[in-house]
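In what follows, chains carry the letters A, B, and so on, assigned in the order in which the sequence lines appear, proteins first and then strands, with residues in each chain numbered from 1.
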There are 2 protein chains.
Amino acid sequence: MRSSRAARPVKKPKDQYHHGDLRRALLLAAIRTIQKQGFEALTLRAVGDELGVSRTALYRHFADKSALLTAVAAEGFRMLRVEQVTAWETGGRNVAALMAMGEAYVRFALSNPWHYRVMFGSGFELLASDPELVEEGKGAFQALADALSQLQADGFLRKEEGRTQATFVWAVVHGVAMLAMDGNCEHQGVGAAELTRYSIDRLLTGIVAPCATTPV
Amino acid sequence: MRSSRAARPVKKPKDQYHHGDLRRALLLAAIRTIQKQGFEALTLRAVGDELGVSRTALYRHFADKSALLTAVAAEGFRMLRVEQVTAWETGGRNVAALMAMGEAYVRFALSNPWHYRVMFGSGFELLASDPELVEEGKGAFQALADALSQLQADGFLRKEEGRTQATFVWAVVHGVAMLAMDGNCEHQGVGAAELTRYSIDRLLTGIVAPCATTPV
DNA sequence: ACCTGAACACCGTTCAAGT
DNA sequence: ACCTGAACACCGTTCAAGT
């Protein structure tokens, strides 16, 4: 279908309308705007303008603004998963690598604060049942769950229900990321990097005083 | 000033304009709308209509919509602090009471999901430097910090920098609350109540496997 | 099929005018 | 001082019309 007629200038496919993949272009433009200008700056008009396209062209590729944001969120989970898997694998698939995953998680949120917010559906309605969003969300979760599962098998972690443990670990890095993003920790005089390092330590060891056989 | 002229029907103070305290009425109406209809349903017009007042009357008491939301957030932190202090004091000011605080924290978020979101400035600009917001936010944090501080003194918790430890504990319950609210844990087959209980346990003990002297 | 331009309903905000 | 009604700029969305 695509190359039915042979000799034609392949570069610009006639430029009849615009790019080759407007949907992807719209998605990336939306991410860029959110990243640089924040969530409130994202208007369908601005996205269209940036691509030199009508403000209603978007409706050919997304049902509405909510669908666009859902795609932005799904793309975010994909990016996050890649960084998580990389941290785990290059870190050596051990406890140190798990800690590197935690650091990478918080770093991702702090580097992409607005994008990260969209991923967790803050302040607006996300299409929570969107198949792509669900799949990418599960994928990011699974990267963490797999790491924990192996560390359980290796005897480094408590052996307990995997998804519950994984959700807890996720909640911890998520909470740290949110507080650090909002500046809530700096507000208490605690640096984001310091909070992250401390939190990952205590995630592993807990906050209760060690037993008497261990030096306090 | 208030009772200068004596004999007058005290009930309705002439009804010249409206209520006695429009600012408070606007704040409560906004909270009610957010609570029941969600964040996107909060329009200044709707708030005005609900109180039978012009849509611009609000500008006599709040600089703009952002200022109204900031007041909503501050009120939320005040409510949260009350519940936290209650849990701590009625719980007996011990480790069990700390766990009750954690449960109460998550319960607050799950009972007031939209209000809770506003408190953490999701998706819109909050007046982060607003004195009332800062004060109430610090107050809620302090309730937790005080509890931890006493448990440290009593030897139940690791003795370390108080604000860092408190911020970590806050991050954990915050993260659990967020995931539970979004249904992200149910999505993984983990119940919110189960996640909360487990998380508070592991917050205390950590996830690493106990040392050999303790039964696994 | 894909895109456009005009139009509609809705919103936050401003402002001159009322009491 | 406090509130109102009309007006303005902006937004998401729809739709008939173009290619």
Side-chain angles (χ1 to χ4, degrees), chain A residues 1-5 8 12-27 29-30 33-34 37-73 114 118 121 123-127, chain B residues 1-2 4-5 12-27 29-30 33-34 37-73 114 118 121 123-127:
Chain A
M1 289 297 186
R2 227 175 172 292
S3 56
S4 53
R5 276 159 296 178
R8 254 222 280 160
K12 282 195 169 185
K14 195 63 191 149
D15 199 12
Q16 43 188 1
Y17 285 129
H18 58 89
H19 330 68
D21 188 351
L22 181 56
R23 191 194 137 92
R24 181 106 194 129
L26 287 164
L27 178 61
T33 301
I34 287 178
Q37 321 237 44
F39 174 71
E40 295 191 319
L42 181 75
T43 69
L44 302 190
R45 283 158 158 84
V47 172
D49 286 353
E50 188 173 335
L51 269 59
V53 107
S54 161
R55 8 191 216 291
T56 59
L58 181 141
Y59 287 89
R60 287 291 123 196
H61 302 280
F62 298 96
D64 52 20
K65 189 179 186 181
S66 181
L68 173 64
L69 284 168
T70 302
V72 169
W114 285 107
V118 172
F124 54 87
E125 305 295 344
L126 222 57
L127 305 178
Chain B
M1 291 295 187
R2 228 177 171 291
S4 53
R5 275 159 296 178
K12 282 196 168 183
K14 195 63 189 150
D15 199 11
Q16 42 189 0
Y17 282 130
H18 57 88
H19 330 69
D21 188 351
L22 181 56
R23 190 193 138 93
R24 180 108 194 124
L26 287 164
L27 178 60
T33 302
I34 287 177
Q37 320 239 42
F39 174 72
E40 295 191 318
L42 181 74
T43 69
L44 302 191
R45 283 158 158 84
V47 171
D49 286 355
E50 188 173 335
L51 268 60
V53 106
S54 160
R55 359 191 223 290
T56 58
L58 180 140
Y59 287 90
R60 286 292 121 194
H61 301 282
F62 298 96
D64 52 20
K65 190 178 185 180
S66 182
L68 173 63
L69 285 169
T70 301
V72 168
W114 285 107
V118 172
F124 54 87
E125 305 295 343
L126 223 57
L127 305 179

Let me check I have this right: for DNA chain C, each base becomes ., (, ), [, ] or |, based on Watson-Crick or G-U pairs with both distances under 3.5 Å. What is the full string? ||.|||||...|||||.||
Separation of [N] [atom2] from [X] [atom1] (nearest whole Å):
{"X": "A/Leu51", "N": "C/dC2", "atom1": "CG", "atom2": "P", "value": "16 Å"}
{"X": "B/Phe39", "N": "C/dC11", "atom1": "CZ", "atom2": "P", "value": "14 Å"}
{"X": "A/Glu40", "N": "C/dC11", "atom1": "CD", "atom2": "C1'", "value": "13 Å"}
{"X": "A/His61", "N": "C/dC2", "atom1": "NE2", "atom2": "C1'", "value": "7 Å"}
{"X": "A/Arg23", "N": "C/dA1", "atom1": "CZ", "atom2": "C1'", "value": "17 Å"}

Residue list, salt bridge (charged side-chain N to carboxylate O under 4.0 Å, His left out) with B/Arg55, at least two apart or on another chain: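 Residues passing salt bridge (charged side-chain N to carboxylate O under 4.0 Å, His left out) with B/Arg55: none at all.
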Least distance between heavy atoms, B/Leu22 atom then B/Ala57 atom: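 B/Leu22 and B/Ala57 have their closest heavy atoms at CD2-CB, 4.3 Å.
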Minimum heavy-atom separation for B/Val47 to B/Ala30, with atom names?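 Looking at all heavy atoms of both residues, the closest pair is CG2-CA, 4.3 Å.
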Report the residues that fulfil side chain to side chain donor-acceptor pair (under 3.5 Å) with A/Thr43, sequence neighbours left out, ordered by chain and then residue number.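 Testing A/Thr43 for side chain to side chain donor-acceptor pair (under 3.5 Å), a comparison that skips the adjacent residues, returns none.
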List, with names and distances, any nitrogen or oxygen atoms from the protein found under 3.5 Å away from nitrogen or oxygen atoms belonging to nucleotides 12-16 of chain C.
unit_1 : atom_1 : unit_2  : atom_2 : d
C/dG12 : OP1    : B/Leu44 : N      : 3.4
C/dG12 : OP1    : B/Lys65 : NZ     : 2.8
C/dG12 : OP2    : B/Leu44 : N      : 3.0
C/dG12 : N7     : B/Arg45 : NH1    : 2.4
C/dG12 : O6     : B/Arg45 : NH2    : 3.2
C/dT13 : OP2    : B/Tyr59 : OH     : 2.9
C/dT13 : OP2    : B/Lys65 : N      : 3.0
C/dT13 : O5'    : B/Tyr59 : OH     : 3.1

Rounded to the nearest 0.5 Å, how far does [atom2] of [Y] lie from [atom1] of [X]?
{"X": "B/Leu58", "Y": "B/Arg45", "atom1": "CG", "atom2": "CZ", "answer": "12.0 Å"}
{"X": "B/Ile34", "Y": "B/Leu42", "atom1": "CD1", "atom2": "CG", "answer": "4.5 Å"}
{"X": "B/His61", "Y": "B/Leu26", "atom1": "NE2", "atom2": "CG", "answer": "6.0 Å"}

With sequence neighbours excluded, what pairs up with B/Ala67 under the side chain to side chain contact (heavy atoms under 4.5 Å, CB included) test?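 B/Ala67 satisfies side chain to side chain contact (heavy atoms under 4.5 Å, CB included) with B/Phe62, B/Ala63, B/Asp64, B/Leu127 only.
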